[in-house]
Amino acid sequence: MAAPEAPATTPVPAPEILAAFEAAKGFMPVDEGLALYEAASAAAALGLPLVEVGTYCGRSTILLADAARAAGVTAVTVDHHRGSEEQQPGWEYHDPTLVDPEAGRMDTLPVFRRTLHAAGLEEHVLALVGRSPQAAALWNTPVGLVFVDGGHTDEHATADYEGWAPHLAPGGLLVIHDVFADPADGGQAPYRVYRRALESGAFTEVSAHGSLHVLRRTGQGI
């Protein structure tokens with residue numbers, strides 16, 4: 001299967017899609033979102049699903065879904081919707097409006113569904129609600145893109161990589177978010193996964209935009 005080729009012009013989301021992205025709860029800045037959209041558009045040319053690990057409220061899912069819609073493929077997003085470590089009470093990224101008052105726990109699923117509905121993209125997304133390793137273990141279809149943006153502990157980031165990267169088709173793209181070489185800038189788990197992917201010999205770096213790194217699968221041995 002041939003690697004996705006860069007389009008003659010850089011794809012950008014329509015104004016209404018970009019507006020929906022900016023209006024959604026989440027942490028990805030616009031410049032990194034545009035880089036993700038460009039990667040998703042290129043990977044979608046393989047005609048295979050685009051997989052996101054770490055949905056939160058659907059901010060980045062909007063971009064993947066729109067790129068998938070344009071190519072006639074499906075965006076798949078995986079999350080247990082109980083929030084990652086840094087989103088729990090007492091932590092920097094905790095949002096009390098996302099706590100289910102009955103369960104007393106984080107629940108981003110209702111907001112995610114409203115996000116997709118508002119953007120008109122529900123039918124282009126398959127949402128898997130559960131733990132990433134469990135979903136990856138059951139998955140048996142090649143994918144064109146894996147976007148790793150889930151839990152930022154070594155345990156979770158490593159499990160996301162080990163579970164989903166092997167499903168990438170030759171020429172598919174591995175996109176890793178929150179990659180910080182300097183510990184002063186952020187957690188190191190995504191950076192260690194990024195280094196592992198490069199050192200495996202299975203990936204070649206395509207581009208980097210802020211903390212978002214894009215790698216192409218060019219070999220085996222993940």
Side-chain angles (χ1 to χ4, degrees), residues 3-45 50-71 75-77 79 84 86-87 92-93 95 108 111-112 115-116 118-121 124-125 144-152 157 160-161 168 172-195 197-198 203-217:
E5 297 181 358
T9 58
T10 301
V12 294
E16 62 271 19
I17 295 298
L18 187 58
F21 166 80
E22 293 186 279
K25 282 182 178 288
F27 310 103
M28 177 175 282
V30 172
D31 61 333
E32 292 182 357
L34 293 175
L36 174 63
Y37 188 82
E38 182 179 357
S41 298
L50 312 177
V51 174
E52 171 183 57
V53 183
T55 312
Y56 192 52
C57 295
R59 183 176 172 94
S60 53
T61 315
I62 289 172
L63 302 178
L64 296 180
D66 190 60
R69 173 173 61 179
V76 179
T77 187
D79 201 311
S84 56
E86 66 273 18
Q87 292 158 5
E92 181 180 1
Y93 295 105
D95 183 343
T108 57
V111 178
F112 161 67
T115 297
L116 281 190
L121 292 166
H124 303 285
V125 177
L145 177 140
V146 170
F147 175 41
V148 177
D149 193 25
H152 286 15
D160 293 340
Y161 171 75
L168 267 173
L173 298 180
L174 173 66
V175 183
I176 307 174
H177 194 216
D178 295 326
V179 174
F180 298 108
D182 185 345
D185 295 328
Q188 293 293 284
Y191 177 71
R192 284 189 278 270
V193 165
Y194 158 74
R195 294 301 315 170
L198 286 179
F203 294 96
T204 302
E205 185 151 12
V206 174
S207 62
H209 307 268
S211 72
L212 188 89
H213 287 248
V214 181
L215 293 78
R216 178 174 288 121
R217 184 169 188 181

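Note that the structure is a prediction, hence the values are computed from the model and not measured.
Residues Leu64 and Leu145 have side chains in contact (heavy-atom distance under 4.5 Å, counting atoms from C-beta outward). Annotation: side chain of Asp149 is not in contact with side chain of Asp160 (no heavy-atom distance under 4.5 Å).
Separation of atoms CG (Leu173) and CG (Leu50) is listed at 9.5 Å; rounding is to 0.5 Å. The line from CD of Gln188 to CZ of Arg195 is 12.0 Å long, rounded to the nearest 0.5 Å. For the atom pair CG of Leu212 and CD1 of Ile176, the computed distance is 9.5 Å after rounding to the nearest 0.5 Å. Here Thr61 contributes atom OG1 and Phe112 contributes atom CZ; the two are 5.0 Å apart, rounded to the nearest 0.5 Å. Rounding to the nearest 0.5 angstrom, the gap separating the SG atom in Cys57 from the CZ atom in Phe27 is 7.5 Å. Between atom CG of residue Leu121 and atom CD1 of residue Ile17 there is a gap of 4.5 Å, rounded to the nearest 0.5 Å.
The nearest pair of heavy atoms linking Leu63 to Gly33 is CD1-O, 3.2 Å. What you find for Met28 and Phe21 is that their closest heavy atoms are O-CZ, 3.5 Å. Nearest heavy atoms, Ala189 versus Ala157: CB-CB, 4.0 Å. Here the closest non-hydrogen pair linking Ser60 and Phe147 is OG-CE2, 3.7 Å. Closest approach of Pro190 and Val179 over heavy atoms only: O-CG2, 4.1 Å. Closest non-hydrogen pair, Arg59 versus Ala24, comes out as NH1-O, 3.0 Å.
Of the possible donor and acceptor atoms, none in the side chain of His213 sits under 3.5 Å from a partner among the backbone N and O of Ser211. Proximity of a side-chain donor or acceptor of Asp79 to a complementary backbone N or O of Tyr56 within less than 3.5 Å is detected. When atom types are taken as modelled, the side chain of Arg217 and the backbone of Leu168 share a donor-acceptor pair closer than 3.5 angstrom. Side chain of Ser41 to main chain of Ala67: no donor-acceptor pair is present (N/O by atom type, distance under 3.5 Å, no hydrogens or angles).
Annotation: side-chain hydrogen bond (donor to acceptor under 3.5 Å, both in side chains) contacts of Tyr37 (sequence neighbours excluded): Asp66.
For residues 14-36, the set of pairs meeting the salt bridge (charged side-chain N to carboxylate O under 4.0 Å, His left out) definition, not counting sequence neighbours, comprises Lys25-Asp95.
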Before you tell me yes or no, could you show the steps for Val148 and Tyr194 under side-chain contact (heavy atoms from CB on, under 4.5 Å), namely the whole-Å CA-CA distance, both residues' side-chain angles and the distance that decides it to 0.1 Å? CA-CA 10 Å; Val148 177; Tyr194 158 74; over 6 Å; no
So Leu36 and Val175, side-chain contact (heavy atoms from CB on, under 4.5 Å) or not? Walk me through it. CA-CA 8 Å; Leu36 174 63; Val175 183; 4.2 Å; yes
